[in-house]
Amino acid sequence: MSFKNLNISTKLPAIMLILAVLNAGIIGYVSLTSAQKSAEDLNKEKLSAIQDSVLSSLDTFFQTLSNDLIIQSQNELTKAAITELSAAFKAIPAADKTAYLQTKYIDENPNAAGKKQDLDKAPDGSDYSNIHAKYNDSFRTMVETNGYYDMFIFDADGNVVYTVFKERDYATNMVDGKWKDTDLGLMFRAMKTTPVKNKLFYYDFRSYAPSNNVPATFIGVPVLDKDGKFMGGLAYQIPTERINKSTVINKKIGAEVAKS
């Protein structure tokens with residue numbers, strides 16, 4: 001017997017049942033869709049919050065780094081180190097001062113690669129080595145505590161009179177030396193050209209030969225005496241691993257947010 005031939009008393013409950021089933025299905029579908037949409041929105045909000053946190057952390061790191069660099073540039077210890085190291089560098093009794101210091105502090109350094117910073121004083125009896133020993137522990141501790149890649153002190157002529165980790169840029173000149181065309185050389189010359197107190201100079205992510213061609217990031221500031229005269233410069237090489245990690249995380253989260 002077809003549905004059309006059923007009497008009304010039979011049709012009506014059947015129709016009501018069909019409508020109830022359809023209604024339940026529609027409500028279920030709407031509820032499921034709404035729940036899925038709410039979950040997607042919540043997930044997107046979480047991802048966005050994590051992305052904001054990563055960017056905030058990176059921004060805080062750079063702000064802390066910048067503040068520390070400025071404070072160190074105004075520190076009388078730093079200014080005294082520039083004055084004394086510069087004078088001792090120029091007084092080294094060798095025609096090739098770069099070769100001399102790299103021999104004493106890199107090639108003849110008894111510490112293994114990655115530990116060259118532990119040599120406070122080369123056994124050459126020079127004034128330079130005595131002054132290096134005077135400041136090395138303080139600068140080494142500061143760099144290692146803050147997790148910087150390296151620290152550079154330049155005199156007014158562009159000589160790198162001090163670094164903590166002693167790579168092949170140590171004791172070179174950033175005006176006419178081997179690495180003058182690197183970002184570190186560009187940074188020094190920019191600082192000397194524009195010797196403004198607390199002015200930060202930033203050079204971002206390029207292959208840097210003295211660091212085994214690993215991409216390097218530098219931030220520097222001029223160091224001025226009490227009369228505002230340019231004494232030299234101070235720079236940090238930033239640990240790119242931390243920046244790379246934050247950048248990768250940020251890109252991945254951004255892609256997930258875009259997909260969601």
Undergrad: Among side-chain atoms of Thr217 and Gln237, is any donor-acceptor pair under 3.5 angstrom?
TA: no
Undergrad: Say you draw a straight line from OH of Tyr148 to CZ of Phe165; how long is it, rounded to the nearest 0.5 Å?
TA: 12.5 Å
Undergrad: If you compare all heavy atoms of Lys104 against all heavy atoms of Ala122, which two are closest, and at what distance to 0.1 Å?
TA: CB-CB, 3.9 Å
Undergrad: Would you call Tyr236 and Met142 a side-chain contact if the rule is heavy atoms closer than 4.5 Å?
TA: yes
Undergrad: Looking only at side-chain N and O atoms, does Asp118 offer a donor or acceptor that is under 3.5 Å from a partner on Asn111?
TA: no
Undergrad: Within the structure provided, determine whether Lys199 and Thr194 are in side-chain contact (heavy-atom separation under 4.5 Å).
TA: yes
Undergrad: Between OG of Ser73 and CG of Asp68, what distance do you get to the nearest 0.5 Å?
TA: 9.5 Å
Undergrad: Taking Ser211 for the side chain and Val214 for the main chain, is one N or O donor matched with an acceptor at less than 3.5 Å?
TA: no
Undergrad: Could you check if a side-chain atom of Asp225 sits within less than 4.5 angstrom of a side-chain atom of Phe230, using non-hydrogen atoms only?
TA: no
Undergrad: Within the 4.5 Å heavy-atom criterion, are Met151 and Ile153 side-chain neighbours or not?
TA: yes
Undergrad: Given 3.5 Å as the limit, does a donor-acceptor pair link the side chain of Asp155 with the main chain of Asp157, or not?
TA: yes
Undergrad: Using 4.0 Å as the upper bound for N to carboxylate O, is an ion pair formed by Asp181 and Arg206?
TA: no
Undergrad: Does the pair Lys79 and Thr83 meet the rule for a side-chain contact (heavy atoms from CB on, under 4.5 Å), with working shown?
TA: CA-CA 6 Å; Lys79 294 181 179 182; Thr83 299; 5.6 Å; no
Undergrad: Check Ser138 against Leu77 and note the closest heavy-atom contact, atom names and distance.
TA: CB-CD2, 4.3 Å
Undergrad: Between Thr182 and Tyr203, is there a side-chain donor-acceptor contact under 3.5 Å, judged purely by atom types and distance?
TA: no
Undergrad: Taking the side chain as every heavy atom from C-beta outward, state whether Asn173 and Lys180 have any pair of such atoms under 4.5 Å apart.
TA: no
Undergrad: If you look only at pairs with a residue in residues 121-137, which of them pass as a salt bridge (charged side-chain N to carboxylate O under 4.0 Å, His left out), with sequence neighbours excluded?
TA: Glu84-Lys134, Asp137-Arg140
Undergrad: Please evaluate residues Ser86 and Asn159 with respect to the criterion side-chain contact (heavy atoms from CB on, under 4.5 Å), reporting the C-alpha separation (whole Å), side-chain torsions for both, the decisive distance (0.1 Å), and the verdict.
TA: CA-CA 8 Å; Ser86 176; Asn159 296 306; over 6 Å; no
Undergrad: Tell me, do Pro222 and Leu224 make a side-chain contact under 4.5 Å, heavy atoms counted?
TA: yes
Undergrad: Going by atom types alone, do Tyr208 and Glu167 pair a side-chain donor with an acceptor below 3.5 Å?
TA: no
Undergrad: Could you give the distance from CG (Leu200) to CE (Met187), rounded to the nearest 0.5 Å?
TA: 9.0 Å
Undergrad: A quick test of your reading: do over 12 heavy atoms of other residues, nucleotides or ligands sit less than 6.0 Å from NZ of Lys197?
TA: no
Undergrad: Taking Asn213's backbone N and O only, do any of them form a donor-acceptor pair with Ser207's side chain (distance below 3.5 Å, no angle check)?
TA: yes
Undergrad: In terms of heavy-atom contacts, does NZ of Lys178 have more than 12 from other residues, nucleotides or ligands at under 6.0 Å?
TA: no
Undergrad: Cationic tip of Lys166 within the cone over Tyr170's six-membered ring, i.e. under 6.0 Å and within 45° of the normal?
TA: yes
Undergrad: Flag yes if Val164 and Trp179 sit in one hydrophobic cluster, no otherwise; membership is Ile, Leu, Val, Met, Phe, Trp, Tyr, and two members link when side-chain heavy atoms are under 4.5 Å apart.
TA: no
Undergrad: Are any side-chain N or O atoms of Thr103 and backbone N or O atoms of Ala99, one a donor and one an acceptor, separated by less than 3.5 Å?
TA: yes
Undergrad: State, to 0.1 Å, how close Gly158 and Val175 come at their nearest heavy-atom pair, and which atoms those are.
TA: CA-CG2, 4.3 Å
Undergrad: With distance as the sole criterion, is a donor-acceptor pair present between the side chains of Asn198 and Gln74 under 3.5 Å?
TA: yes
Undergrad: In Å, rounded to the nearest 0.5 Å, how long is the span from CG of Asp150 to CZ of Phe152?
TA: 4.5 Å
Undergrad: When rounded to the nearest 0.5 angstrom, what is the spacing between CE in Met191 and CE in Met174?
TA: 10.0 Å
Undergrad: Does the plane of the ring in Phe154 sit parallel, tilted or perpendicular to the ring in Phe188? Use 30° and 60° as the thresholds.
TA: tilted
Undergrad: Could you check if a side-chain atom of Ile82 sits within less than 4.5 angstrom of a side-chain atom of Val161, using non-hydrogen atoms only?
TA: no
Undergrad: Do Phe201 and Phe62 belong to the same hydrophobic cluster, where Ile, Leu, Val, Met, Phe, Trp and Tyr are linked whenever their side-chain heavy atoms lie under 4.5 Å apart, directly or via other members?
TA: no
Undergrad: Test of understanding: clusters of I, L, V, M, F, W, Y form through side-chain heavy atoms closer than 4.5 Å, transitively. Do Leu234 and Leu85 belong to the same one?
TA: yes
Undergrad: With a 4.5 Å heavy-atom cut-off, do Arg168 and Ile106 have their side chains touching?
TA: yes
Undergrad: Would a hydrophobic clustering, with Ile, Leu, Val, Met, Phe, Trp and Tyr connected at side-chain separations under 4.5 Å, put Leu69 with Tyr202?
TA: yes
Undergrad: Any chance you could measure Ile238, atom CD1, to Asp204, atom CG, to the nearest 0.5 Å?
TA: 8.0 Å
Undergrad: Indicate the atoms forming the closest heavy-atom contact of Asn136 with Gln117, along with that distance.
TA: ND2-O, 3.0 Å
Undergrad: Count I, L, V, M, F, W, Y as connected when their side-chain heavy atoms are under 4.5 Å apart, and connections chain through other members. Are Val221 and Phe218 then in the same cluster?
TA: no
Undergrad: Mind running side-chain contact (heavy atoms from CB on, under 4.5 Å) on Val160 and Thr163 for me, showing each step along the way?
TA: CA-CA 7 Å; Val160 182; Thr163 70; 3.4 Å; yes
Undergrad: Just checking Tyr162 against Phe139, ring centres under 6.0 Å apart?
TA: yes
Undergrad: Can you label the angle between the Tyr105 ring and the His132 ring as parallel, tilted or perpendicular, going by 30° and 60°?
TA: tilted
Undergrad: What pair of heavy atoms forms the shortest contact from Asp169 to Leu184, and how long is it?
TA: OD2-CD2, 4.2 Å
